[in-house]
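Written below as structure tokens is the structure these notes are about.
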Amino acid sequence: MLVSEKEPLLPQLERAGVLVDYQCREGYCSSCILKLLRGHVIYPTEPLAWVQSGYMLACCAIVKSDIEISFL
Amino acid sequence: MSYSTFNRKHFDSMKEPMFFGENVNVARYDQQKHPIFEKLIEKQLSFFWRPEEVDLSSDRKDFQNLEPHEQHIFLSNLKYQTLLDSVQGRSPNVALLPIVSLPELETWIETWAFSETIHSRSYTHIIRNIVNDPTAIFDDITVNEEITRRADSVSKYYDQLIEMVNLYNTLGVGTHTISTRGEVVINLRELKKALYLTIASVNVLEAIRFYVSFACSFAFAERTLMEGNAKIIKLIARDEALHLTGTQHMLNIMASGRDDPEMALIAEECKSEVAEIFIDAAQQEKEWSRYLFKDGSMIGLNAEILSQYVEYITNMRMQAIGLEAHFDTKSNPIPWINAWLVSDNVQVAPQEAEISSYLVGQIDNDLGDSDFDDFDL
Ligand code: FES
Ligand SMILES: [Fe+2]
Ligand SMILES: [Fe+2]
């Protein structure tokens, strides 16, 4: 799937028909957490939710390279 | 040892641990050891809302038209939510304020607990709008066995910690003989362990138990019933999302050892005990869902589906604090809940600020409930 850097990953996944859980859609609830198996994402503002390494928050992460993700 | 409301010692509060260091003296927020708690405070303040701003006039009619088994589901769920927020409105303060050592964390705890009191007030707003006799509902919370069993499991860890901290603050560390309890050993490591387990059980309360109750509230709204209630629950859910992030941070900071190295050892040592707390709670929530649906299920939700959601959400929350998922359930059995949980469009219409249901509630208080028996909203 081809994604853009112009917006976070979550709405792009949704448009592609991939359903990810969400609640706040702004980085404080961690509902949208995904495993980041490979690649690089950034957060324009640091999310309030705890993000362990190897995970990402789909609602606020901007994809910066080819990535491989999976559900928890 | 004994708690001081304004500690006279000179110390660098940036070097204190989150808990069991010095009592906080100056409430200053220009510097923070853990800036996350300052951010949580700001976010929580930006969420401020008042239950009376939500119009519940159509909920009363909806409620009266529910089937008896649906009324049982709705009221039992509401009683459970009332219980949980009764606990949460006081316990973070009572249990954690005497032992907290950072000003930003102290204020986060107070801000957090304050928002829980809004939740409690909203249940009163809901209950007095849908039934004539709120007392019957409130009283049942302390006598209904299904509910009191829940109360035991949500307050157990808090109560243990509070008791230990009381002894620590009055008698200090050591072995003490107490008339009612015999010999009691108080040491800092056991206190820290009790604290860690308490925070884990609070995370379970807010991140699992509450979400199970949200599912029930929103299942009514999915059928366009009890929509005022759903609007309130949506506001509560927005707060709870922040609270659960707060306890996840506390647990993860503790486990990382960068706050208090001994806490990292305790976190490691307690891993299976914490996992047990999550798994036991999931079990209790499944039993609860059988009680909710004992006389029949409702469109979109039954004991089976709700139990799957319990498993799903428990897995998610366990993984968020570095535990292995315990259940096989891999996907959310009620994906429609997201659209209800979403907080981006939570807005309270200003014109609803003085709606009649609020005024009726006020009048009820003065006149007694029977006066409005025939009053239809
Ligand atoms: S939806 Fe809340 S953190 Fe992404
Ligand atoms: Fe609450
Ligand atoms: Fe809460």
Side-chain angles (χ1 to χ4, degrees), chain A residues 1 3-65 67-72, chain B residues 34-44 46-47 108 203 206-207 211 214 234 237-253 255-256 309 312-313 315-322 324-325 329-346:
Chain A
M1 175 181 157
V3 298
S4 131
E5 288 184 24
K6 292 206 182 77
E7 61 174 350
L9 183 60
L10 180 61
Q12 304 186 57
L13 287 174
E14 287 170 336
R15 281 199 298 275
V18 182
L19 291 186
V20 179
D21 272 336
Y22 58 85
Q23 180 176 350
C24 71
R25 300 181 78 95
E26 57 169 306
Y28 65 79
C29 76
S30 75
S31 301
C32 62
I33 199 155
L34 295 172
K35 273 190 186 141
L36 179 60
L37 303 172
R38 183 173 59 85
H40 180 53
V41 300
I42 60 154
Y43 300 96
T45 49
E46 200 196 325
L48 290 192
W50 178 281
V51 196
Q52 311 165 63
S53 67
Y55 292 81
M56 62 174 286
L57 297 176
C59 71
C60 50
I62 302 290
V63 176
K64 283 293 188 186
S65 72
I67 60 166
E68 205 180 313
I69 54 175
S70 79
F71 288 108
L72 256 57
Chain B
H34 296 300
I36 180 63
F37 298 114
E38 176 67 12
K39 291 182 189 154
L40 290 170
I41 294 164
E42 280 177 7
K43 198 77 179 163
Q44 182 69 68
S46 79
F47 286 173
W108 164 243
N203 184 251
E206 300 192 297
Y211 278 71
F214 296 156
K234 209 169 155 135
R238 180 177 68 169
D239 292 336
E240 292 309 330
L242 208 56
H243 303 170
L244 75 88
T245 289
T247 47
Q248 284 175 355
H249 273 282
M250 289 180 213
L251 292 169
N252 287 325
I253 291 171
S256 76
Y309 182 65
Y312 170 74
I313 197 89
N315 277 351
M316 298 296 286
R317 303 316 192 193
M318 289 180 84
Q319 291 174 91
I321 58 160
E324 299 276 319
T329 308
K330 283 270 184 290
S331 62
N332 186 349
I334 48 169
W336 50 260
I337 198 173
N338 292 310
W340 288 103
L341 285 170
V342 73
S343 8
D344 61 359
N345 55 3
V346 177

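Protein chains get the first letters and strands the later ones, always in sequence-line order, with residue 1 at the start of each. Note that the structure is a prediction, hence the values are computed from the model and not measured.
Chain A forms the most heavy-atom pairs under 4.5 Å with one residue out of Leu244(B), Thr245(B), Ile253(B), and that residue is Thr245(B). For chain A, the option among Gly322(B), Ala241(B), Ala207(B) with the highest count of heavy-atom pairs below 4.5 Å is Ala241(B).
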> Please walk me through it: do Val41(A) and Leu9(A) pass side chain to side chain contact (heavy atoms under 4.5 Å, CB included)?
Replying inline: CA-CA 9 Å; Val41(A) 300; Leu9(A) 183 60; over 6 Å; no
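Within the 4.5 Å cutoff, no side-chain heavy atoms of Trp50(A) are placed close to those of Ser30(A). A heavy-atom distance below 4.5 Å is not found between the side chains of Tyr55(A) and Leu34(A).
Residue Ala237(B) touches chain A through both its backbone and its side chain, counting heavy-atom pairs closer than 4.5 Å. No part of Phe214(B) comes within reach of chain A, as not one of its non-hydrogen atoms sits under 4.5 angstrom from that chain. Contact annotation for Tyr28(A): both backbone and side-chain heavy atoms come within less than 4.5 Å of a heavy atom of chain B. In this structure, chain A has heavy atoms under 4.5 Å from both the backbone and the side chain of Leu242(B). Only the side chain of Tyr211(B) has a heavy atom closer than 4.5 Å to any heavy atom of chain A.
Residues passing the salt bridge (Lys or Arg N to Asp or Glu O under 4.0 Å) test with Glu46(A), sequence neighbours excluded: Lys39(B). The salt bridge (Lys or Arg N to Asp or Glu O under 4.0 Å) test applied to Glu68(A) returns Arg38(A), not counting sequence neighbours.
Using modelled atom types, one finds a donor on one side chain and an acceptor on the other under 3.5 Å when comparing Asp239(B) with Gln44(B).
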